[in-house]
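I have placed the structure first, in the form of structure tokens, so that the comments after it can refer back to it.
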Amino acid sequence: MSAETLVSQLKRGLDAPICLTWELTYACNLQCVHCLSSSGQRDPRELSPAQAKAVIDELRDLQVFYINIGGGEPMIRRDFFDIIGHSIDNSIGVKFSTNGAYIDTDSARRLAAMDYLDIQISLDGTDAATNDAVRGVGSFDTAIAAMENLRRANFGEFKISVVVTRHNVDQLDDFKSLADSYGAQLRITRLRPAGRGADTWHELHPTSDQQIEIYRWLLAHGEKVLTGDSFFHLNALGEPLPGLNLCGAGRVVCLIDPLGDVYACPFVLHDEFRAGSVLEPGGFTKVWRESTLFTSLREPESAGACASCGSYDACQGGCMAAKFFTGLPLDGPDPECVSGHGEELLSARTSSDVASAPKPTSNHSRPVSLTRKPARA
Amino acid sequence: MALTLQSACSLSPQVALRPEPFGALAYHYGNRRLVFLKHPDMVTVVKSLSDHPTIAATFDACGIADERRPSFLAALENLTKSEIIHVG
Ligand code: SF4
Ligand code: SF4
């Protein structure tokens, strides 16, 4: 079977997801300006400990090999260690994302004692000024303290996860050295206009020159840096980058939110991409295999306005979430299309188009918003 | 060391196989690698490796025709690189 047919097989969907993200809670000690899930306050309807365990049992029966746990800040949940322990005991590896606030000496030791566990510390600048402008005052020091604690506990290789913005593109080399100095692996991801990021994307997303910089940097370092499906829209620039080269939403990717609602991907928290709930009869399995939404996402997609572009095979028209929350048609160019077609569409929008662009459905931001210094000009 | 038809192989105990319409997914819990076994016959072969003294014997038992053996052997060679299967 050739690579192409494998991609088309993936597009038709799998019996169970490969890349499942489970956000345990909307509660968070931080309020990052680009948070994909608009987290902040706990939702009283979040899954109970028993319901959470039932989800794991179902994923075990589906032979999901590993899950990505996120939030909010997942370590805020009182049953956090029970959940990851139960998961690992059932042969489901865990990778969790955290801002590090709860990785003190004790919990670092506890984490270091577990197998099949990966930790991803979020960091969006290699200095406090750059990082804290996005993630909040003090968050840089918190992340570094967590990394120190993991190192002292001999956790081994953890990951540092960076959302690339206009303000940290020029720090990619520094991020790599920082990661190397901790024996950590660097992961860089794309800023998508999801959650609170829908409001900040226009000022934070990399410029087109910076996109070329990212592409070149990944060509040089990509084999050692994790990116997931972040940058396949850049493949239209030439040689393909390592990483997943397709939008896997509802095909190989999905999200379970803190309430148990299942969405096509972590970046599309909107009613239109809600496929069902793990609490409904048939549970997650039925949603994954039979929901109308996921079934339709597995149909061959139309290239729309991208059909006349010679780069469509390389770039696939980019990210569905990025198009959706910027109000662009799903079968057309990505807002960050490297040929500039997304920019053209964005600048042709009237103010009423802008106002009618879809807004993320759920918002758990805390009511009081902190005043932040703008990042470096 | 290149794999030959006379090599003995077995599936790593750290690997789980999940059936999929195209064949199976293999996941190695140690190195976290996810590998696609892109044909149902390949899945049968990988599962039976440890029941037979050599790869050739496994191919015989699984009914893999001679003309398919070179590509199957190459695929197995790749699986040793990702540590999905071990030599010996
Ligand atoms: S919508 Fe975007 S982020 Fe979500 S799976 Fe598709 S490409 Fe990835
Ligand atoms: S027009 Fe579409 S396919 Fe071509 S580079 Fe832009 S987003 Fe990619």
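Since the model is a prediction, treat every value here as computed from it, not as a measurement. The chains referred to below are lettered A, B, ... by the order of the sequence lines, with proteins before strands, and numbering in each begins at 1.
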Side chain of B:Glu77, backbone of B:Leu3: donor and acceptor closer than 3.5 Å?
yes
Hey, mind stepping through A:Glu58 and A:Thr285 against side chain to side chain donor-acceptor pair (under 3.5 Å) and telling me if it holds?
CA-CA 8 Å; A:Glu58 198 182 348; A:Thr285 312; 2.5 Å; yes
Can you tell me which residue among A:Leu218, A:Thr189, A:Val164, A:Leu186 is in a side chain to side chain contact (heavy atoms under 4.5 Å, CB included) with A:Thr227?
A:Leu218
Using non-hydrogen atoms only, which part of A:Asp118 is less than 4.5 Å away from chain B: side chain, backbone, both, or neither?
both
B:His52 vs B:Asp60, side chain to side chain donor-acceptor pair (under 3.5 Å): CA-CA, chis, key distance, verdict:
CA-CA 10 Å; B:His52 306 281; B:Asp60 289 342; over 6 Å; no
Using non-hydrogen atoms and a 4.5 Å limit, figure out which bit of B:Phe36 sits close to chain A: side chain, backbone, both or neither.
side chain
Against chain A, label B:Leu17 side chain, backbone, both or neither, depending on which of its atoms sit under 4.5 Å from a heavy atom there.
backbone
